[in-house]
Amino acid sequence: MAVAALVCAGNRRARMQENTGKEVRGIKWSEGTIANARWGGVLLRDILISAGIPEQEDAQKGFHVCFASNVAPCEDDKCYGGSIPLEEVMAEDGAAMLAYEMNDAPLTPDHGFPLRVVVPGYFGMRWVKWVDRITISRNESPNFYQQRDYKILPECVSSSEKAIKEDWWSRIPAMQRLNCNSVVARVQCLTFACPDQKTLKVTGYAYSNSPISRVEISADGGETWHEVQITYQEGNWSWSLWEGEVVVDIDVDALELANQGQRNGRSKTKVTVISRAFDQSGGAQDTRCRWNLRGVGFCGVGIGSVEV
C-alpha cells in the first residue's frame, strides 16, 4: 500500500506556452493534470524475486523492466509501453507495484483494471495501465512513448522534423523521476478595510520524487520569500498541500493617479504571488525552467493573482 501522486508529464504545459510565448506540441493542459491516491497491490520487487531475478545489486545494473499494454490501440505504436531501471524496482525501499486497488476499492477500467503499474516518484507515463506483459531487458523499452516522446528536448529543437532529422530523440534521456514543482491554486484577499495594505491567503500544492521539505511564496517578484505551512503530506510519495499568508503594501496614491480598474468608485490593482518548493533530498524547483517542444516537465514558479 502506498499513497502517491500521479502526475502527467504535460502538467502545466499551457503555463509554459504562456510564459515563453512559444507554441508547444501537445494538449494544452493547465495545472490540474495530477491526482493523489492510495494504491494497493503487489510490489514488483517481490514478483521479480519470485520469478528468479537476483537480489544482488551488481546483477541488476544495466537492465530495465519493460512494461507493455496491448489492450487499447495507440496512435504512434502497435501498443503502449515504457520502462524503468531494474535496480530502481529492486531497491529494498522501492514502492513500484502492480496495483489492483485505488483508494481501497478495486481499480475501475478507466484507471487500469485489472492491473496497472504504479511507480511512486515517477511521471505518469511510466504507470502503464492494463499492463499485460513485463520483460527484463538490457535495453530500455523500444516503444515509441519511451524513445520518441516524453523527452525534454533542448530549446534549439523547434520542430518535430528537426528532432528527427538531427536524431535528437536518441540523444536525450527519457523522462523518469518527478522534478520538484509547486503550483499556486488560489489567492484570496483577507483584508478589505485598509486600502494601502492587504493580507493575502495563498494555497497550492507541491510534489517531487522525495517528500517536500519547504514551500515559499513571494508577492514582490522574488525579492523576498516567506515560508508557508505544509498542511498535508502522507508518506514519501504523496503530493503536499500548503497554505500561507503574505502582507502586501498598495501604493494608493499611484493607483488613484493612474485611475485604472475602478469599481464603484474604488480603484483596483492586481497582485501576483509566486511559489517555489524544495524537497528532502536537496532538490529545488527550477524556477527558470525553459521551453521545450513537447512542453513536458515544466516547473517554473507557481503563479497566482488576485485583484485587490
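Just the heavy atoms: all of them, side chains too, but no hydrogens, waters or symmetry mates, feed the values below.
- You'll find the side chain of L44 stays beyond 4.5 Å of the side chain of E88, heavy atoms only.
- K22 and E155 are not joined by a salt bridge, as no carboxylate oxygen comes within less than 4.0 angstrom of a charged side-chain nitrogen.
- Residues F67 and D132 form no side-chain contact, since every pair of their non-hydrogen atoms from C-beta on lies 4.5 Å or further apart.
- A donor-acceptor contact shorter than 3.5 Å links the side chain of N292 to the backbone of V296.
- At a threshold of 4.5 Å between non-hydrogen side-chain atoms, the residues Y232 and N36 count as touching.
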| request: Decide yes or no on side-chain contact (heavy atoms from CB on, under 4.5 Å) for W169 and I164, but give the supporting numbers first. | output: CA-CA 7 Å; W169 292 116; I164 296 171; 4.1 Å; yes
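- Smallest separation of non-hydrogen atoms from L6 and G124: CD1-CA, 3.5 Å.
- D279 and S281 share a donor-acceptor pair across their side chains, judged by distance under 3.5 Å alone.
- Ion pairing of R38 with E101 is absent here, as no side-chain N (NZ or NE/NH1/NH2) approaches a carboxylate O to less than 4.0 Å.
- More than 12 non-hydrogen atoms from other residues, nucleotides or ligands lie less than 6.0 angstrom from CD of Q188.
- Residues L107 and R116 form a side-chain contact, since some pair of their non-hydrogen atoms from C-beta on lies under 4.5 Å apart.
- Looking at M90 and L48, their side chains come closer than 4.5 Å, going by heavy atoms from C-beta outward.
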| field | Verdict with reasoning, W291 to V24, per side-chain contact (heavy atoms from CB on, under 4.5 Å) | value | CA-CA 8 Å; W291 177 90; V24 294; 3.3 Å; yes
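- The ring-ring contact (aromatic ring centres under 6.0 Å, His included) search around Y122 returns none, not counting sequence neighbours.
- Ring centers of Y145 and Y80: under 6.0 Å apart, within the cut-off.
- Under the 3.5 Å distance criterion, the side-chain polar atoms of N11 are matched with a main-chain donor or acceptor of T33.
- Expressed to the nearest 0.5 Å, how far NZ of K129 lies from OG of S69 amounts to 9.5 Å.
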| task | Determine, step by step, whether R45 and E55 satisfy the side-chain contact (heavy atoms from CB on, under 4.5 Å) criterion, reporting the C-alpha distance in whole Å, the side-chain angles of both residues, the deciding distance to 0.1 Å, and the verdict. | result | CA-CA 9 Å; R45 181 178 189 274; E55 298 183 55; 3.4 Å; yes
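- For the side chain to side chain contact (heavy atoms under 4.5 Å, CB included) criterion with W242, the lone passing option out of V184, V183, I212 is V184.
- Checking S141 against N143 by side-chain atom types alone, no donor-acceptor pair falls below 3.5 Å.
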| S160/R25 under side chain to side chain donor-acceptor pair (under 3.5 Å): CA gap, chis, key distance, verdict | CA-CA 9 Å; S160 300; R25 187 169 66 85; 3.0 Å; yes
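- A salt bridge does not link E243 to R186: none of the charged side-chain nitrogens sits closer than 4.0 Å to a carboxylate oxygen.
- Within a 6.0 Å sphere centred on NZ of K78, heavy atoms belonging to other residues, nucleotides or ligands number 12 at most.
- Side chain of K162 to backbone of W168: no donor-acceptor contact under 3.5 angstrom is found.
- One hydrophobic cluster holds both M125 and M97 under the rule that ILVMFWY side chains link at heavy-atom gaps under 4.5 Å.
- Follow the hydrophobic side-chain contacts under 4.5 Å out from I27 and you never reach V7; the two are in separate clusters.
- Contact of the V117 side chain with the L98 side chain is registered, since non-hydrogen atoms from C-beta on lie closer than 4.5 Å.
- The hydrophobic cluster containing I84 also contains I152, counting ILVMFWY residues as joined when their side-chain heavy atoms lie under 4.5 angstrom apart, directly or transitively.
- When every heavy atom of I172 is checked against every heavy atom of P154, the shortest pair comes out as CD1-CD, 4.0 Å.
- Around atom CZ of R290, no more than 12 heavy atoms belonging to other residues, nucleotides or ligands sit under 6.0 Å away.
- Within the 4.5 Å cutoff, the side chain of R138 has no heavy atoms near those of the H64 side chain.
- Listed for the T199 side chain is no donor-acceptor partner under 3.5 Å among the backbone atoms of V247.
- In this structure the side chain of F298 never reaches within 4.5 angstrom of the side chain of R13, judged on heavy atoms.
- At least one donor-acceptor pair under 3.5 Å links the side chain of S50 to the backbone N or O of I47.
- Residues V128 and G82 approach most closely at CG2-N, 4.3 Å, considering heavy atoms.
- In the displayed structure, F63 atom CZ is contacted under 6.0 Å by more than 12 heavy atoms of other residues, nucleotides or ligands.
- The closest donor-acceptor contact from the side chain of K151 to the backbone of Q147 lies under 3.5 Å.
- If you take CG on D77 and CD on Q146, they are separated by 11.5 Å, rounding to the nearest 0.5 Å.
- Salt-bridge formation is not detected for the pair K270/E307: no Lys NZ or Arg NE/NH1/NH2 atom is positioned less than 4.0 Å from an Asp or Glu carboxylate oxygen.
- Cluster annotation: Y205 and W225 are assigned to distinct hydrophobic clusters (Ile/Leu/Val/Met/Phe/Trp/Tyr, side-chain heavy-atom contacts under 4.5 Å, transitive).
- To the nearest 0.5 Å, the span separating CG on N181 from SG on C289 amounts to 8.0 Å.
- For N179 (side chain) and G297 (main-chain N/O), a donor-acceptor pair under 3.5 Å exists by modelled atom type.
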| said: If you apply the rule side-chain contact (heavy atoms from CB on, under 4.5 Å), what do you find for I136 with V65, and how did you get there? | reply: CA-CA 5 Å; I136 307 300; V65 185; 3.9 Å; yes
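- Legend: residues meeting ring-ring contact (aromatic ring centres under 6.0 Å, His included) with W127, ordered by chain and number and at least two apart, are W39.
- Looking only at distances, a side-chain donor or acceptor of S213 sits under 3.5 Å from a matching main-chain atom of F278.
- Using a cutoff of 4.0 Å between basic side-chain nitrogens and carboxylate oxygens, D149 and R294 are scored as salt-bridged.
- No continuous path of ILVMFWY side-chain contacts below 4.5 Å connects I303 to V248, so the two sit in separate hydrophobic clusters.
- Between the side chain of Q285 and the backbone N or O of G300 there is at least one donor-acceptor pair closer than 3.5 Å.
- Note that CG of L241 is 9.5 Å distant from CD of Q233, once rounded to the nearest 0.5 Å.
- With rounding to the nearest 0.5 angstrom, the OG atom of S158 is 7.5 Å from the CG atom of L293.
- Distance check, rounded to the nearest 0.5 Å: CD1 of I217 to CD1 of I274 gives 10.0 Å.
- A salt bridge links E31 with R12; the closest basic N to acidic carboxylate O contact falls under 4.0 Å.
- Listed for the R15 side chain is no donor-acceptor partner under 3.5 Å among the backbone atoms of W29.
- Of all heavy-atom pairs spanning L178 and S208, the tightest one is CD1-O, 3.5 Å.
- Listed here is the closest heavy atom pair of A9 and M175: CB-CE, 4.1 Å.
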